[in-house]
Novice: 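Below: one structure in structure tokens.
Just so it is clear, the structure is predicted and the values come from calculations on it, not from any experiment. Values below: every heavy atom of this structure, side chains too, minus hydrogens, waters and symmetry copies. The sequence lines fix the lettering, A, B, ..., with proteins before strands; numbering per chain opens at 1.
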Amino acid sequence: MQIPCENHTAELRLKEPVSLYHTFFCGQCFRWRPDGDGFFGVAWGRAARVWSVDGVLHVTGSGADSGDLWRRYFDLDRAYADIYTPWLNDPFMSRAVAHGEGLRILAQQPWESLCSFLLSQCCNIPRIRAMVDCLCRRFGEPISFQGLMEYAFPTPERLAGIKEEELVCIRAGYRAKYILAAARAVASGSLDLDRLQSEETEKAREELMRVEGVGRKVADCALLYGLGKLDAFPVDTWMKKARAYHPAYEGEYAGIAQQYIFYYARETGLR
DNA sequence: TGCCAGGCCGAAA
DNA sequence: TTTCGGCATGGC
């Protein structure tokens with residue numbers, strides 16, 4: 001089935017500066033690419049082109065939408081400056097925030113975030129992007145948009161019905177069985193991602209970690225990027241290397257702090 | 001060619 | 001509770 005080719009546009013006024021580049025390339029998502037003066041990608045089953053001019057975020061996308069989807073996706077109703085200002089008294093956090101100025105924590109589809117970060121295990125970001133792209137092309141619904149054929153992220157129901165051998169094409173190695181275990185858990189209803197959005201972070205993390213291949217790191221990535229739990233704090237090798245302690249590392253918006261730290265630490269080769 | 005990558009799992013210490 | 005090897009593969 002091909003998703004109907006109905007397009008929409010949205011103009012979203014920004015209350016503070018937003019960097020699409022930092023947002024898309026800080027390591028939280030894998031489906032956006034530079035495209036002229038803007039970016040092209042797929043989110044929530046829509047292919048879209050986004051760009052920013054004079055404090056307005058412009059979106060043209062496939063499918064119907066009033067703009068609310070993108071307002072939520074880019075978390076535009078939250079004042080990030082109010083959140084990070086108290087962190088700036090710490091020199092390391094100050095540099096990290098300056099490095100990633102304008103990044104937003106994207107509200108991604110819960111299943112997509114869980115599945116993507118299951119694939120992320122022990123891979124660098126270019127490889128994760130390649131695997132996710134391959135997975136979508138092979139198993140996602142096609143989306144015709146602006147003369148291009150894009151693909152939605154495959155549903156858990158779709159992936160639950162395939163055999164592990166069919167995933168060989170994405171070269172996921174030992175991660176393939178994790179993808180299938182998670183897809184089957186979601187498709188069967190034993191893992192209800194929608195319900196977890198209204199659970200406490202700790203309870204939701206506990207349920208996610210019952211799935212094979214979901215450890216603390218993958219669970220926290222799914223919590224932060226897919227379930228809107230901004231207090232989730234994925235700790236990986238880069239975070240361990242940072243080692244420093246700061247109040248921003250915990251609390252209601254720890255996940256936002258984590259994103260600045262991760263992006264800064266990775267790009268500056270912190271060791 | 002070798003090291004490392006947004007880790008997890010299970011066994012051993 | 002912590003440590004460590006194995007896992008599967010590709011980017012650099």
Novice: Just checking A/Val235: base, sugar-phosphate only, or nothing, at a heavy-atom cut-off of under 4.0 Å?
Specialist: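 No contact.
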
Novice: Whole angstroms only, please: what is the CD-P distance between A/Glu212 and B/dC8?
Specialist: 12 Å

Novice: Name the pairing partner of B/dT1, where a pair is Watson-Crick or G-U wobble with both distances under 3.5 Å, or state none.
Specialist: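 Partner of B/dT1: none found under 3.5 Å.
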
Novice: Anything under 30° is parallel, anything over 60° is perpendicular, the rest tilted; go ahead and classify A/Phe39 against A/Phe25.
Specialist: tilted

Novice: For A/Arg175, report the nucleic acid contact type (base, sugar-phosphate, nothing); a contact means any heavy atom under 4.0 Å.
Specialist: base

Novice: Checking side chain to side chain donor-acceptor pair (under 3.5 Å) for the pair A/Asn7/A/Ser62: CA distance, chi angles, key distance, verdict?
Specialist: CA-CA 4 Å; A/Asn7 297 338; A/Ser62 65; 5.5 Å; no

Novice: Could you please name the partner base of C/dA8, counting Watson-Crick and G-U wobble pairs only when both distances are under 3.5 Å?
Specialist: none

Novice: If the plane angle is over 60° it's perpendicular, under 30° parallel, otherwise tilted; pick one for A/His246 and A/Tyr249.
Specialist: tilted

Novice: For a quick check, tell me whether the side chain of A/Tyr263 and the base of B/dG6 share a donor-acceptor pair closer than 3.5 Å.
Specialist: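 A donor-acceptor contact between them is absent.
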
Novice: Quick one: A/Asp133 CG to C/dG10 P, roughly how many Å, whole number?
Specialist: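 The distance from CG of A/Asp133 to P of C/dG10 comes to 15 Å, rounded to the nearest Å.
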
Novice: Please state how far atom CZ in A/Arg129 lies from atom P in B/dA5, giving the value in whole angstrom units.
Specialist: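 Distance, rounded to whole Å: 19 Å.
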
Novice: Taking atom P in both B/dC9 and C/dG10, what distance in whole Å separates the two?
Specialist: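 To the nearest whole Å, 23 Å.
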
Novice: Would you measure the distance from the P atom in C/dC7 across to the matching atom in B/dG6 and give it in whole Å?
Specialist: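 Each nucleotide's P atom is 22 Å from the other's.
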
Novice: Which part of the nucleic acid, if any, lies within reach of A/Cys221 when heavy atoms closer than 4.0 Å are counted: base, sugar-phosphate only, or nothing?
Specialist: nothing

Novice: Run the salt-bridge test on A/Asp75 and A/Arg78 with the 4.0 Å N-O cut-off and return the result as yes or no.
Specialist: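 Salt bridge between A/Asp75 and A/Arg78, a charged N being under 4.0 Å from a carboxylate O: yes.
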
Novice: Could you give the NZ-to-C1' distance, from A/Lys177 to B/dG7, as a whole number of Å?
Specialist: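 The answer, rounded to whole Å, is 12 Å.
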
Novice: With centres under 5.5 Å and planes under 30°, do A/Phe262 and B/dG6 count as stacked?
Specialist: yes

Novice: Let me spell it out: for each of A/Gly213 and A/Gly27, pick the nucleotide of DNA chain B with the closest heavy atom. Which residue's pick is nearer the 5' end?
Specialist: A/Gly27

Novice: Name the closest nucleotide to the A/Arg127 side chain, picking from C/dG10, B/dG7, B/dG6.
Specialist: C/dG10

Novice: For the residue pair A/Trp87 and A/Tyr260, does the interplanar ring angle fall in the parallel (under 30°), tilted (30 to 60°) or perpendicular (over 60°) class?
Specialist: perpendicular

Novice: From B/dG6, C/dA8, B/dC9, pick the nucleotide closest to the side chain of A/Cys122?
Specialist: C/dA8

Novice: Please state whether the base of C/dA8 and the side chain of A/Arg171 form at least one donor-acceptor pair under 3.5 Å?
Specialist: no

Novice: Would you indicate which nucleotide in C/dA8, B/dG7, B/dG6 comes nearest to any side-chain atom of A/Gln121?
Specialist: B/dG7

Novice: With the side chain of A/Asn124 defined as its heavy atoms from C-beta on, choose the nearest nucleotide among B/dC8, C/dG10, C/dC7.
Specialist: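 Nearest nucleotide to the side chain: C/dG10.
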
Novice: Roughly how many Å apart are C/dG5 and B/dC3, using the P atom of each and rounding to a whole number?
Specialist: 15 Å

Novice: Whole Å only: how far is the CZ atom of A/Phe117 from the C1' atom of B/dA5?
Specialist: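 Interatomic distance, CZ of A/Phe117 to C1' of B/dA5: 14 Å.
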
Novice: Got a donor-acceptor pair under 3.5 Å from the side chain of A/Tyr174 to the base of B/dG7?
Specialist: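 Between B/dG7 and A/Tyr174, which were checked side chain against base, a qualifying N/O pair under 3.5 Å is present.
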
Novice: Rounded to the nearest angstrom, tell me the gap between atom CE in A/Met131 and atom C1' in B/dG6.
Specialist: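 It works out to 11 Å between those atoms.
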
Novice: With P as the reference atom in both, quote the distance from B/dC8 to C/dG11 in angstrom, rounded to an integer.
Specialist: 22 Å

Novice: A/Arg266 or A/Met209: which one's nearest nucleotide on DNA chain B is closer to the 5' end?
Specialist: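 On the 5' side of the pair lies A/Arg266.
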
Novice: In whole angstrom, what separates A/Tyr178's OH from C/dT9's C1'?
Specialist: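 The answer, rounded to whole Å, is 14 Å.
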
Novice: Answer yes or no: does atom CD of A/Glu267 have more than 12 heavy-atom neighbours from other residues, nucleotides or ligands under 6.0 Å?
Specialist: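 More than 12 heavy atoms, drawn from other residues, nucleotides or ligands, come within 6.0 Å of this atom.
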
Novice: Measure from OH on A/Tyr225 to P on B/dG6 and round the result to the nearest Å.
Specialist: 12 Å

Novice: By the 4.0 Å heavy-atom rule, please label A/Leu118 as base, sugar-phosphate, or nothing.
Specialist: nothing

Novice: Over 60° means perpendicular and under 30° means parallel, so classify the ring planes of A/Trp32 and A/Phe24, tilted if in between.
Specialist: parallel

Novice: Taking any heavy-atom pair under 4.0 Å as a contact, classify A/Pro126: base, sugar-phosphate, or nothing.
Specialist: sugar-phosphate

